[in-house]
Visitor: 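Quick one: this structure, given as C-alpha cells, is what I'll be asking you about.
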Number of protein chains: 2
Amino acid sequence: MDLVKIYECLCDRTRLRLLNLLAPGPLCVCHFQAVLRESQVKISKHLAYLRARGLVESEREGNWIIYRLPVKPARALRANLACLQDCAAEEKLFRRDLARLKKLGPGLVASGPCGCAPAGRK
Amino acid sequence: MDLVKIYECLCDRTRLRLLNLLAPGPLCVCHFQAVLRESQVKISKHLAYLRARGLVESEREGNWIIYRLPVKPARALRANLACLQDCAAEEKLFRRDLARLKKLGPGLVASGPCGCAPAGRK
DNA sequence: CATCTGTATACCTGCAGCGGCATATTGCAC
DNA sequence: GTGCAATATGCCGCTGCAGGTATACAGATG
C-alpha cells in the first residue's frame, strides 16, 4: 500500500474521527452519525473515500452497512493506524467521540445487528 | 500540534522524501536538489510549506539555508516521524534517496557548511 | 559599487477534495 | 406490489494545493 495514499486518507479530521471510532471494532453508519453528529452525506462520502483506498472494509447486514478496519492491513497501514490511535488518545475530540460511542451501547462493539435506529431491529 | 496539520504535510510524496532525508540530520537545500533531482522551486516551496507548519526548522548559514527536523518536536509529530521512518525503510524510493545522500558526502550529516556547490566554501 | 550563487516568492493554470442539496439504490415490512 | 428506512451517488460551487515561469532577495566576492 502506498504511503502517500494512506496519508491522504488521514489528512481530514472527519476521516480521522471515523478511523478512531473503528479502532475498537466494526460499526454501522448510523453509529458514526450519532457520535459525530454530522450529516449523513458527509459521513457516507468519507467512508466511501476510505473504502476506495482500502483503509476500511464494508459489508451489508440487512438494512445496515457495517464498516470495519481491514482484516489483513498492510504493514504500513497497521503502523499508521497504531500511531493514530496513540496520538488520538491525547486529543479531546477523539476521546469524546469514543466516550459517546461507549454510551451508545455497551455490547455494541462486534455485536450483531446494530439496533441503532429508533425502529431498530424491531 | 494538530494531527490533521501533520497529516496534511505528509500527504505529498515530495514532502515525505524531504522528511525522510532529514531523519539522519540537517541538510541544506542544494542537497535536496542533488538527491531528489527535482526543480529548485518545487523543493523550496515544499520546504516552505513544511516550515510554515512546524515540521521543519531552518537557519541561515552564509549563502546556504540549513533545514532540520524540529529540535523539540511535539509528541504527535515525533510519533509520526518515527512511523514514517519505519515505513519509508520498506519503500525503494526512500531507500534510494538515503543511499544517494550518503554518496554525496560521508561526513555530511551534522557537519558544518554544506560545500555542495561547485564553488563550495571555496 | 556590480556580479554571482543560493534560495524564496508572486503569479498563473489545472486539478482534486470538501460539503451541500437533491436523488437514487437496496433491503425490509406490510 | 407500496412504503419506509438506511445508505450511496450525481452535480455544483468553492477552496487549496501542485507545479511551472519569471522574478526578487540575501549574502559573499571582488
Side-chain angles (χ1 to χ4, degrees), chain A residues 2 4-18 26-53 55-68 104 112-122, chain B residues 2 4-18 26-53 55-68 104 112-122:
Chain A
D2 184 10
V4 177
K5 289 293 171 209
I6 293 178
Y7 288 128
E8 281 173 355
C9 288
L10 299 181
C11 71
D12 176 273
R13 174 157 283 111
T14 303
R15 289 196 289 269
L16 285 187
R17 296 175 75 189
L18 294 175
L27 294 174
C28 85
V29 181
C30 40
H31 295 131
F32 294 120
Q33 285 179 239
V35 171
L36 299 201
R37 298 177 188 174
E38 300 270 9
S39 81
Q40 180 259 322
V41 177
K42 185 170 172 178
I43 291 179
S44 186
K45 279 205 231 179
H46 281 295
L47 285 171
Y49 185 105
L50 290 172
R51 186 181 33 175
R53 287 155 183 82
L55 277 264
V56 304
E57 296 168 351
S58 69
E59 181 197 358
R60 178 147 226 142
E61 178 129 1
N63 248 336
W64 302 278
I65 306 215
I66 312 290
Y67 282 87
R68 70 176 94 275
L104 270 194
C114 72
C116 52
R121 160 127 294 202
K122 180 109 165 274
Chain B
D2 184 10
V4 177
K5 289 294 171 206
I6 295 178
Y7 288 128
E8 281 172 355
C9 288
L10 299 181
C11 71
D12 176 273
R13 175 157 281 111
T14 304
R15 289 198 287 269
L16 286 186
R17 295 175 75 190
L18 295 175
L27 294 174
C28 85
V29 179
C30 39
H31 293 131
F32 294 121
Q33 284 178 240
V35 171
L36 299 201
R37 299 178 188 174
E38 300 270 9
S39 80
Q40 180 259 322
V41 177
K42 185 170 173 179
I43 291 179
S44 186
K45 277 207 248 183
H46 280 295
L47 285 171
Y49 185 105
L50 290 173
R51 186 181 33 174
R53 286 155 183 82
L55 278 263
V56 303
E57 296 167 351
S58 69
E59 181 197 358
R60 177 147 226 144
E61 178 128 1
N63 248 336
W64 301 279
I65 306 216
I66 312 290
Y67 281 86
R68 69 178 92 263
L104 269 193
C114 72
C116 52
R121 158 127 297 201
K122 180 112 164 269

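Chain naming here is simple, since letters A, B, ... match the order of the sequence lines and numbering starts at 1 in each.
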Visitor: Please round to the nearest 0.5 Å and tell me the distance separating atom CG of A:Leu55 and atom SG of A:Cys9.
Guide: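 Going from CG on A:Leu55 over to SG on A:Cys9, the span is 4.0 Å.
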
Visitor: Counting just side-chain N and O atoms, does B:Arg60 come under 4.0 Å of either OP1 or OP2 of C:dA8?
Guide: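 Checking B:Arg60 against C:dA8: no side-chain N or O falls below 4.0 Å of OP1 or OP2.
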
Visitor: Rounded to whole angstrom units, what separation is found between the CG atom of B:Leu47 and the P atom of D:dA18?
Guide: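 In whole Å, D:dA18 P lies 13 Å from B:Leu47 CG.
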
Visitor: Write down the distance between CH2 (B:Trp64) and P (C:dC4), rounded to a whole number of angstrom.
Guide: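 Rounded to whole Å, this separation is 17 Å.
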
Visitor: Identify the heavy atoms of B:Ile65 and B:Arg60 that sit nearest to each other, and give their distance.
Guide: CD1-NH1, 4.1 Å

Visitor: For the pair made of CD in B:Glu59 and P in C:dT7, what is the distance, rounded to whole Å?
Guide: 14 Å

Visitor: Roughly how far apart are B:Cys11 SG and A:Lys5 NZ, rounded to 0.5 Å?
Guide: 10.0 Å

Visitor: Find the distance A:Asn63:CG to D:dA6:P and express it as a whole number of Å.
Guide: 7 Å

Visitor: Salt-bridge test for A:Arg13 and B:Asp2: reply yes if a basic N is under 4.0 Å from a carboxylate O, no otherwise.
Guide: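 Salt bridge between A:Arg13 and B:Asp2, a charged N being under 4.0 Å from a carboxylate O: yes.
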
Visitor: Return the CD to CD1 distance between A:Glu61 and A:Ile66, rounded to the nearest 0.5 Å.
Guide: 5.0 Å

Visitor: In residues 8-15 of chain A, what residues come within less than 4.0 Å of DNA chain D, judged by heavy atoms?
Guide: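 Close to the strand, none.
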
Visitor: Using atom CD1 of B:Ile43 as one end and atom P of D:dG19 as the other, report the distance to the nearest whole Å.
Guide: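 Roughly 11 Å, once rounded to whole Å.
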
Visitor: In whole angstroms, how far is the C1' atom of D:dA8 from the CD1 atom of A:Ile65?
Guide: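 Distance, rounded to whole Å: 8 Å.
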
Visitor: Between B:His46 and D:dG19, does any side-chain N or O lie under 4.0 Å from OP1 or OP2?
Guide: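 Yes, because at least one side-chain N or O of B:His46 sits under 4.0 Å from OP1 or OP2 of D:dG19.
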
Visitor: Side chain of B:His46, backbone of B:Ile43: donor and acceptor closer than 3.5 Å?
Guide: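 No; judged by distance alone, with no hydrogens or angles, the pair does not exist.
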
Visitor: Just how far is it from atom CG of A:Leu10 to atom CG of B:Leu10, taken to the nearest 0.5 Å?
Guide: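 Taking CG in A:Leu10 and CG in B:Leu10, the distance rounds to 8.5 Å.
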
Visitor: Can you find an N or O donor on one side and an acceptor on the other, under 3.5 Å apart, linking the side chain of B:Lys45 with the base of D:dG19?
Guide: yes

Visitor: Got B:Asp12 and A:Val4 here, is their nearest side-chain heavy-atom distance under 4.5 Å?
Guide: no

Visitor: Does the side chain of B:Leu18 come within less than 4.5 Å of B:Leu27's, by heavy atoms?
Guide: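 Not touching, per the 4.5 Å side-chain cut-off.
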
Visitor: What distance separates B:Tyr49 OH from B:Ser44 OG, expressed to the nearest 0.5 Å?
Guide: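 One gets 15.5 Å once the value is rounded to the nearest 0.5 Å.
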
Visitor: Would you jot down, in residue-number order, the residues of residues 32-41 of chain A having a non-hydrogen atom under 4.0 Å from DNA chain C?
Guide: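 Heavy-atom cutoff 4.0 Å gives A:Ser39, A:Val41.
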
Visitor: Can you tell me if the side-chain N/O atoms of B:Tyr67 get under 4.0 Å from OP1 or OP2 in C:dG6?
Guide: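 Answer no for this pair, as no side-chain N or O of B:Tyr67 is under 4.0 Å from OP1 or OP2.
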
Visitor: Do any N or O atoms from the side chain of A:Arg15 and from the backbone of A:Glu8 form a donor-acceptor pair under 3.5 angstrom?
Guide: yes

Visitor: Is the closest side-chain heavy-atom distance between A:Pro26 and A:Tyr67 below 4.5 Å?
Guide: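 With C-beta onward as the side chain, the pair stays apart.
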
Visitor: Give the angle between the helix axes at the two ends of the helix from C:dC1-D:dG30 to C:dC30-D:dG1, taking five base pairs at each end and rounding to 10°.
Guide: 10°

Visitor: Measure from CG on B:Leu16 to C1' on D:dA18 and round the result to the nearest Å.
Guide: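 Taking CG of B:Leu16 and C1' of D:dA18, I get 15 Å after rounding.
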
Visitor: Can you measure A:His31 atom NE2 to D:dT7 atom C1' for me and round it to whole angstrom units?
Guide: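 Rounded to whole Å, this separation is 14 Å.
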
